[in-house]
**Student:** 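Take this structure first; my questions come after.
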Amino acid sequence: MMNQKTIISMTILPLVIILVISNTANAQLRTNFYSSTCPNLEALVRAAVQTKFRQTFVTAPATLRLFFHDCFVRGCDASIMIASPNGNAEKDHPDNLSLAGDGFDTVIKAKAAVDRNSQCRNKVSCADILALATRDVVVLAGGASYPVELGRRDGRISTSSSVQRNLPGPGFSLNQLNTMFASHGLDQTDLIALSGAHTIGFSHCNRFSNRIYNFSPSNRVDPSLNPQYATQLRQMCPINVDPRIAINMDPTSANTFDNAYFRNLQGGRGLFTSDQVLFTDTRSRATVNQFASNNAAFGRAFALAMTKLGRVGVLTGNQGEIRIDCTRPN
């Protein structure tokens, strides 16, 4: 006959198993994941990223954006890196066509550097290399460093259709942004901190032209735009402008990872509607003001948000694979 202690143990056991399974992915990510299999991993990646960064500053925003676009579609599994012979991979979706080639090249060069080390060869995932390279470009651009959790595996699937409606648009409202970010376990503070990545990088005129030419029947120019800034944007983006023309996301310190983005929002100089809404909507304004006045607070919030982002939909353990070539499944 089972005693009371045995019955209680059997009742609790299924709950424990469920909790263990639900936390397995995050638990298997850890900063020292490669300490025995590739102890010099971070130094190898950092050196490769530094070399690429010295060649072009675009390395920084391109790599950072690549990581974000990867994690929001199928999770942080480097599926954004996969090239499709029929043009049907994630990178081929219209929302990803503007991803700068320097981001992809950064990961490929870092992977090659890691695999040149005989101890590390084919042991480190492209997903982890992208996560490390992203932290390294933030630091190189002037941002604060943060520890990177490791142990991701690479996905085998990459489809253009999976991108549809999974990336935030430049015209999103705060409600739309919060809904999308919450679906990945990210709260409003994470959303605002991650938006601060727009302190570096650039966009193209067609992503915001409606704000300066055709905002509404009563307002040709978005009234939340600083009038002087709107004039500058119209000068840089005349009608029928070359679509390749790039406009800095941060008009004041485009090559420095700092909190100027938030001060720009206070002054009506957010390039996208989805940027400016963070200040015009009273629900998020206090956080924007805090980050605008305290660069260290922004740095801490960004580090936490990047750590949470890096856990989204990860493959661990025996899931996925360690891709030999980041651009195609094994």
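Everything numeric here is computed off the predicted structure, so don't read it as measured data. For reference, positions follow the sequence shown, starting with 1.
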**Student:** Quick check against the 3.5 Å criterion: does Thr231 have a side-chain atom that pairs as donor or acceptor with the backbone of Pro227?
**Tutor:** yes
**Student:** May I ask you to say whether Glu149 pairs ionically with Arg311, meaning some side-chain N is under 4.0 Å from a carboxylate O?
**Tutor:** yes
**Student:** Salt bridge check: are Lys111 and Asp115 linked by an N-O gap of less than 4.0 Å?
**Tutor:** yes
**Student:** Are Tyr261 and Phe272 joined in one hydrophobic group, where the rule is that I, L, V, M, F, W and Y side chains link up if heavy atoms are under 4.5 Å apart?
**Tutor:** no
**Student:** Name the orientation class of the two ring planes belonging to Phe72 and Phe181 (parallel below 30°, tilted from 30 to 60°, perpendicular beyond 60°).
**Tutor:** perpendicular
**Student:** Going by heavy atoms in the side chains, are Leu41 and Leu150 under 4.5 Å from each other?
**Tutor:** yes
**Student:** So do the side chains of Val288 and Ile192 get within less than 4.5 Å of each other, counting heavy atoms only?
**Tutor:** yes
**Student:** Do we see a donor-acceptor contact under 3.5 Å between the side chains of Asp275 and His198?
**Tutor:** yes
**Student:** Verify ring pair (Phe, Tyr, Trp, His ring centres under 6.0 Å) between Phe298 and Phe257, making sure each step is shown before the conclusion.
**Tutor:** CA-CA 11 Å; Phe298 163 51; Phe257 195 96; 5.7 Å; yes
**Student:** Under a plain distance cut-off of 3.5 Å, with no hydrogens placed, do Ser84 and Asn86 share a side-chain donor-acceptor pair?
**Tutor:** yes
**Student:** Sub-3.5 Å donor-acceptor pair from the side chain of Asn259 to the main-chain atoms of Phe262, do we have one?
**Tutor:** no
**Student:** Does Gly103 offer a backbone N or O that forms a donor-acceptor pair with the side chain of Arg65 under 3.5 Å?
**Tutor:** no
**Student:** Pairing donors with acceptors under 3.5 angstrom, does anything connect the side chains of Asp250 and Ser253?
**Tutor:** yes
**Student:** Report the C-alpha distance between Thr256 and Asp258 in whole Å, list the side-chain angles of each, state the deciding distance to 0.1 Å, and finish with yes or no for side-chain hydrogen bond (donor to acceptor under 3.5 Å, both in side chains).
**Tutor:** CA-CA 6 Å; Thr256 305; Asp258 57 17; 4.8 Å; no
**Student:** Check the pair Glu90, Ser160 against side-chain contact (heavy atoms from CB on, under 4.5 Å), reporting the backbone distance first and the verdict last.
**Tutor:** CA-CA 4 Å; Glu90 285 177 32; Ser160 177; over 6 Å; no
**Student:** Keeping the roles fixed (side chain from Arg285, backbone from Phe279), state whether a donor-acceptor pair exists under 3.5 Å.
**Tutor:** yes
**Student:** Does some side-chain heavy atom of Gln176 sit less than 4.5 Å from a side-chain heavy atom of Met180?
**Tutor:** no
**Student:** Can you check whether Arg156's main-chain N or O pairs, donor with acceptor, with Glu321's side chain at less than 3.5 Å?
**Tutor:** no
**Student:** Ignoring hydrogens and angles, tell me if any N or O in the side chain of Asn330 forms a donor-acceptor pair with the backbone of Ile322 under 3.5 Å.
**Tutor:** yes
**Student:** Test your reading of the model: is there a side-chain donor-acceptor pair from His204 to the backbone of Ile247, 3.5 Å cut-off?
**Tutor:** no
**Student:** Any carboxylate oxygen within less than 4.0 angstrom of a Lys/Arg side-chain nitrogen, looking at Lys52 and Asp102?
**Tutor:** yes
**Student:** Could you check whether any side-chain heavy atom of Val114 comes within less than 4.5 Å of a side-chain heavy atom of Val45, counting everything from C-beta outward?
**Tutor:** yes
**Student:** Above 12 or not: heavy atoms from other molecules or residues under 6.0 Å from CD of Gln266?
**Tutor:** yes
**Student:** Tell me, do Leu265 and Gln276 make a side-chain contact under 4.5 Å, heavy atoms counted?
**Tutor:** yes
**Student:** With sequence neighbours left out, write down each residue that passes side-chain contact (heavy atoms from CB on, under 4.5 Å) with Asn32, or none if nothing qualifies.
**Tutor:** Arg30, Ser35
**Student:** For Asn264 and Arg269, indicate whether the former's side chain and the latter's backbone hold a donor-acceptor pair under 3.5 Å.
**Tutor:** no
**Student:** Is there a continuous path of hydrophobic side-chain contacts, each under 4.5 Å between heavy atoms, that joins Leu271 to Val241?
**Tutor:** yes
**Student:** Heavy-atom distance under 4.5 Å between the side chains of Ser79 and Val73, does that happen here?
**Tutor:** no
**Student:** Could you tell me whether a side-chain N or O of Asp128 sits under 3.5 Å from a main-chain N or O of Val124, the two making a donor and an acceptor?
**Tutor:** no
**Student:** Which pairs would a plain distance check flag for residues 133-147, meaning a side-chain donor or acceptor within less than 3.5 Å of a matching protein atom at least two apart in sequence or in another chain?
**Tutor:**
unit_1, atom_1, unit_2, atom_2, d
Thr134, OG1, Leu130, O, 2.7
Arg135, NH1, Tyr146, O, 2.8
Arg135, NH2, Glu42, OE1, 2.7

**Student:** With the 4.5 Å side-chain cut-off for hydrophobic clustering, are Val277 and Tyr229 part of the same group?
**Tutor:** no
**Student:** Mind running side-chain hydrogen bond (donor to acceptor under 3.5 Å, both in side chains) on Thr159 and Ser162 for me, showing each step along the way?
**Tutor:** CA-CA 6 Å; Thr159 63; Ser162 62; 3.2 Å; yes
**Student:** Is a side-chain donor or acceptor of Asp70 paired with a backbone partner of Cys76 at a separation under 3.5 angstrom?
**Tutor:** no
**Student:** Answer yes or no: is there a side-chain heavy-atom contact under 4.5 Å between Asn175 and Arg283?
**Tutor:** yes
**Student:** Mind checking whether Leu174 and Leu191 have side chains closer than 4.5 Å, heavy atoms only?
**Tutor:** yes
**Student:** Please check if Val58 and Phe67 belong to a single hydrophobic cluster, counting links between Ile, Leu, Val, Met, Phe, Trp and Tyr side chain heavy atoms closer than 4.5 Å.
**Tutor:** no
